[in-house]
Amino acid sequence: MPELPEVETIACSLRNPVALPFKELGALNERPGIVGRTIASAMVLWERSIAQPVPADFCRDIIHQEITQVLRRGKYLVLRLTHDWLFIHLRMSGDIRVEPLASENQVHDRVILGFADGTRLVFNDPRKFGRLWLVKDPLDVWCTLGPEPFDEELTAECFYGMLQRRSRSIKPLLLDQSFIAGLGNIYTDEALFLAGIHPLRKSNTLGPGQAAGLLSAIRQVLREGIMRNGASIDWVYRGGDFQNYFNVYQRTGSQCPRCGGLIERSVVGQRGTHYCPVCQPLDPVN
């Protein structure tokens, strides 16, 4: 599933593709900027892709609206329109294409928005888990999300307080989008490694310094992920190279880059989890 850096990379390409690092990668050049384009037509090929409103109302209401901004909130791609807000959650296999209006549909295309300038935006989703929302108020969708990792108001002291108010294993807590928005399996494993924290460590056993170190580690791995246009680890998202810089994720049995021990894999909160048992001991006093 695309996480914060992958969604931010897509949002950046839809805002201003020239400003992207690694812009020579072909996958990114398939998403030219769409700000300022007016939606002239809408077609829903898989009705369940539309979470809100019903597909007929979605197609009716979105026509004639201009895309004024492209944003990201957590793992959501957000298009601000003339009157409404369009939220797109890519989930497991969703992707976005921008192409000439006359292009042939592909097998897994689910929603197509035609622009007045002769181009179109296509939401493609082989596994059919992705969803789109067209709403008047963005709070209708993002009201349940926790703070953004880069929010200036998310200070080390604030983050420590958030951790202390909960008694959950830290890995599932960081994956909880109502706690902090945008983190997924990849960047959580990498951040916990940098911070030297075991994935099963209870959140309220972390001290102020450890909380500050974890927040710094989260921001560090996300920044590097964005700089490298995210990670390309399967057939769905292709465009980044952060996978070449993983410390622990999907490196089971490989040597830890810090201590030389072996990276282990376990299941935490029903998610495959990678860590170094030496550098990340399950010991609340350290």
Side-chain angles (χ1 to χ4, degrees), residues 1-7 73-76 89 91-92 129 142-151 154-225 231 233 242-243 246-254 256-259 261-286:
M1 176 187 293
E3 303 180 27
L4 186 155
E6 290 77 34
V7 179
R73 178 72 169 95
K75 298 179 185 178
Y76 289 92
H89 202 302
R91 299 279 171 84
M92 294 298 295
F129 293 131
W142 72 37
C143 64
T144 61
L145 295 178
E148 287 285 317
F150 297 114
D151 191 332
L154 182 61
T155 63
E157 293 77 14
C158 176
F159 189 59
Y160 172 67
M162 291 166 58
L163 294 171
Q164 291 299 300
R165 288 191 291 272
R166 294 162 176 83
S167 179
R168 293 179 60 186
S169 295
I170 192 64
K171 168 76 182 276
L173 181 60
L174 293 179
L175 293 177
D176 185 342
Q177 299 302 293
S178 67
F179 179 75
I180 189 168
L183 288 173
N185 219 28
I186 296 173
Y187 298 92
T188 298
D189 281 2
E190 291 295 309
L192 289 173
F193 171 76
L194 287 185
I197 297 172
H198 193 284
L200 287 174
R201 181 80 176 269
K202 294 295 184 182
S203 59
N204 60 351
T205 68
L206 297 176
Q210 292 169 316
L214 177 56
L215 181 59
S216 177
I218 288 170
R219 288 170 170 168
Q220 180 179 334
V221 297
L222 291 176
R223 285 193 185 98
E224 185 171 2
I233 60 173
F242 187 54
Q243 69 278 3
F246 289 162
N247 288 303
V248 291
Y249 187 75
Q250 290 191 343
R251 298 191 66 242
T252 307
S254 299
C256 171
R258 183 179 294 157
C259 73
L262 298 183
I263 303 300
E264 294 187 4
R265 181 187 185 279
S266 64
V267 177
V268 177
Q270 301 181 326
R271 303 296 297 274
T273 298
H274 308 81
Y275 65 100
C276 173
V278 177
C279 297
Q280 300 169 257
L282 184 56
D283 183 355
V285 299
N286 290 329

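Index from 1, following the sequence. No experiment lies behind these values; they were computed from the predicted model shown.
Summarising the geometry of A181 relative to E148, their closest heavy-atom pair is CB-OE2, 4.0 Å, with the distance given to 0.1 Å. In terms of heavy-atom proximity, C276 sits nearest to C259 at SG-SG, 3.6 Å. Looking at every heavy atom in both residues, C279 comes nearest to F193 through CB-CE1, 4.3 Å. The minimum heavy-atom distance between P149 and L215, with the atom names listed, is O-CD1, 4.4 Å. Across every non-hydrogen atom of P277 and L262, the tightest pair is CD-O, 3.5 Å. Among all heavy-atom pairs drawn from P281 and G196, the shortest one is CD-O, 4.4 Å.
Applying the side-chain hydrogen bond (donor to acceptor under 3.5 Å, both in side chains) criterion to E224, with sequence neighbours excluded, gives R228. Residues forming a side-chain hydrogen bond (donor to acceptor under 3.5 Å, both in side chains) with T273 (at least two apart in sequence, or on another chain): K171. Remark: D151 pairs with no residue by the side-chain hydrogen bond (donor to acceptor under 3.5 Å, both in side chains) rule, at least two apart or across chains. Y187 pairs by the ring-ring contact (aromatic ring centres under 6.0 Å, His included) definition with F242, not counting sequence neighbours. Residues forming a side chain to side chain contact (heavy atoms under 4.5 Å, CB included) with T155 (at least two apart in sequence, or on another chain): E157, C158. Every residue meeting the side chain to side chain contact (heavy atoms under 4.5 Å, CB included) condition with R223, not counting sequence neighbours, appears here in chain and number order: F150, R219. Partners of F179 under the side chain to side chain contact (heavy atoms under 4.5 Å, CB included) rule, at least two apart in sequence or in another chain, are F159, M162, L163, R166, L173, L174, D176. Applying the ring-ring contact (aromatic ring centres under 6.0 Å, His included) criterion to Y76, with sequence neighbours excluded, gives F87, H89, W133. Partners of S254 under the side chain to side chain contact (heavy atoms under 4.5 Å, CB included) rule, at least two apart in sequence or in another chain, are R251. A search for side-chain hydrogen bond (donor to acceptor under 3.5 Å, both in side chains) contacts involving E3 returns nothing, not counting sequence neighbours.
Of the possible polar contacts, none joining the D189 side chain to the V248 backbone as a donor-acceptor pair under 3.5 Å is found. Side-chain atoms of Q164 come within 3.5 Å of backbone atoms of L206 as a donor-acceptor pair (strictly under, hydrogens ignored).
Using a 4.5 Å heavy-atom cutoff, the side chains of T252 and H274 are in contact. For the pair C256 and V278, the minimum side-chain heavy-atom distance is 4.5 Å or more. Side-chain contact between L192 and R201: absent, with no pair of heavy atoms (C-beta onward) separated by less than 4.5 Å. Put simply, the side chain of L183 reaches to within 4.5 Å of the side chain of L222, judged on heavy atoms. Looking at heavy atoms from C-beta onward, Q280 lies in side-chain contact with P199 at the 4.5 angstrom threshold. For the pair F246/I186, a side-chain contact is recorded, criterion being any heavy-atom separation below 4.5 Å from C-beta on.
Applying the salt bridge (charged side-chain N to carboxylate O under 4.0 Å, His left out) test to every pair with at least one member in residues 269-281, sequence neighbours left out, gives no pairs at all.
Here the CG-CG distance, from L282 to L200, works out to 6.0 Å after rounding to the nearest 0.5 Å. Atom CG of L175 and atom CD1 of I180 lie 11.0 Å apart (nearest 0.5 Å). Between the CZ atom of R73 and the CG atom of L4 there is a distance of 10.0 Å, given to the nearest 0.5 Å. In this structure, OH on Y249 lies 8.5 Å from CZ on R265, to the nearest 0.5 angstrom. Between the CG atom of L194 and the CD1 atom of I218 there is a distance of 10.5 Å, given to the nearest 0.5 Å.
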